[in-house]
Amino acid sequence: HYYTQACQCNGNYAGYDCSRCRFGYFGRGCRRRRVLPRRPAREMTDEDWVEFNDVIRATRTYDFGYRAVLEESVPGNASLVMTNITLYQFFVWMHHYTAKDSLHPDPAQRVDYSHTGPAFYTWHRLILLWLEWEIQGMLQSMGRIDYHTFRFPYWDWRGEVQRSFGLSSEELFSETRLGVTR
């Protein structure tokens, strides 16, 4: 009951304080609807990949207002510490936390619901949309006027068909594309 009363945003607003546009909307009053198709990864140029990886690297230093409680262990003394976390750290933690096995008393019955259950596709789609939305917010706060156009590319996994477009799976996961974001 509490959450239906305390956490509802009106109109096309969203966020913990209702100050952001909900997913799919942008602009003054969150009135502009956006439908941006995802770009196939094979159609991205080298410059597109540089830009994409620069954005992902920026998430590693961007403090987007979330905090985490961490346990600091010193021999003989453990304490909890509240610390700022970056956008990247938050989503790494969220993925790691949800991938933990359930706490069933029988270890043989424990399940990683985010990877081995029917929610695999739904959960990963949701977290990627959420990450995309947060990256758009990051880009907007950095003054990027094209912030609302950021989208993750998609990869068509139909195999050898991709080779005719000049980008194999090996190339997709190379150092200059999705493999490494130093």
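Computed from a predicted model, the values in this text were never measured in an experiment.
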Expected output: side-chain N12 to main-chain C30 donor-acceptor under 3.5 Å: yes

Y25 and Y13, any side-chain heavy atoms less than 4.5 Å apart: no

Test item: Q136 side-chain N/O and F150 main-chain N/O as donor-acceptor pair under 3.5 Å: yes

Step-by-step ring pair (Phe, Tyr, Trp, His ring centres under 6.0 Å) determination, W130 to F91: CA-CA 9 Å; W130 184 15; F91 280 91; 5.1 Å; yes

L87 and R60, any side-chain heavy atoms less than 4.5 Å apart: no

R33, CZ: over 12 other non-hydrogen atoms inside 6.0 angstrom: yes

Over all atoms of both residues, closest heavy-atom pair of C9 and A14: SG-CA, 3.8 Å

Intermediate values then yes/no, side-chain contact (heavy atoms from CB on, under 4.5 Å), I135 and L139: CA-CA 6 Å; I135 289 174; L139 294 172; 4.1 Å; yes

Cation-aromatic face contact R38/Y154, 6.0 Å, 45 degrees: no

Flag if over 12 foreign heavy atoms under 6.0 Å of CZ, R32: no

W93 side chain reached by I85 side chain, heavy atoms, under 4.5 Å: no

From CA spacing to verdict: side-chain contact (heavy atoms from CB on, under 4.5 Å), M94, Q89: CA-CA 8 Å; M94 181 68 73; Q89 289 169 323; over 6 Å; no

Charged tip of R20 within 45° of W133 ring normal and under 6.0 Å: yes

Worked verdict on N84 versus R67 for side-chain contact (heavy atoms from CB on, under 4.5 Å): CA-CA 5 Å; N84 296 345; R67 308 292 175 256; 2.8 Å; yes

Over 12 non-hydrogen atoms of neighbours within 6.0 angstrom of CG in D106: yes

Y147 side chain to S141 side chain, donor-acceptor N/O pair below 3.5 angstrom: no

D54 side chain vs E51 backbone, donor-acceptor pair below 3.5 Å: no

Worked verdict on T59 versus T86 for side-chain contact (heavy atoms from CB on, under 4.5 Å): CA-CA 7 Å; T59 67; T86 67; over 6 Å; no

Of R151, M44, E47, the residue whose pairing with F52 passes side chain to side chain contact (heavy atoms under 4.5 Å, CB included): M44

Exam field: side chain R39 to backbone E43, donor-acceptor pair closer than 3.5 Å: yes

Check: F152 main-chain N/O paired with E132 side-chain donor or acceptor under 3.5 Å: yes

F120 backbone acceptor or donor facing H124 side chain under 3.5 Å: yes

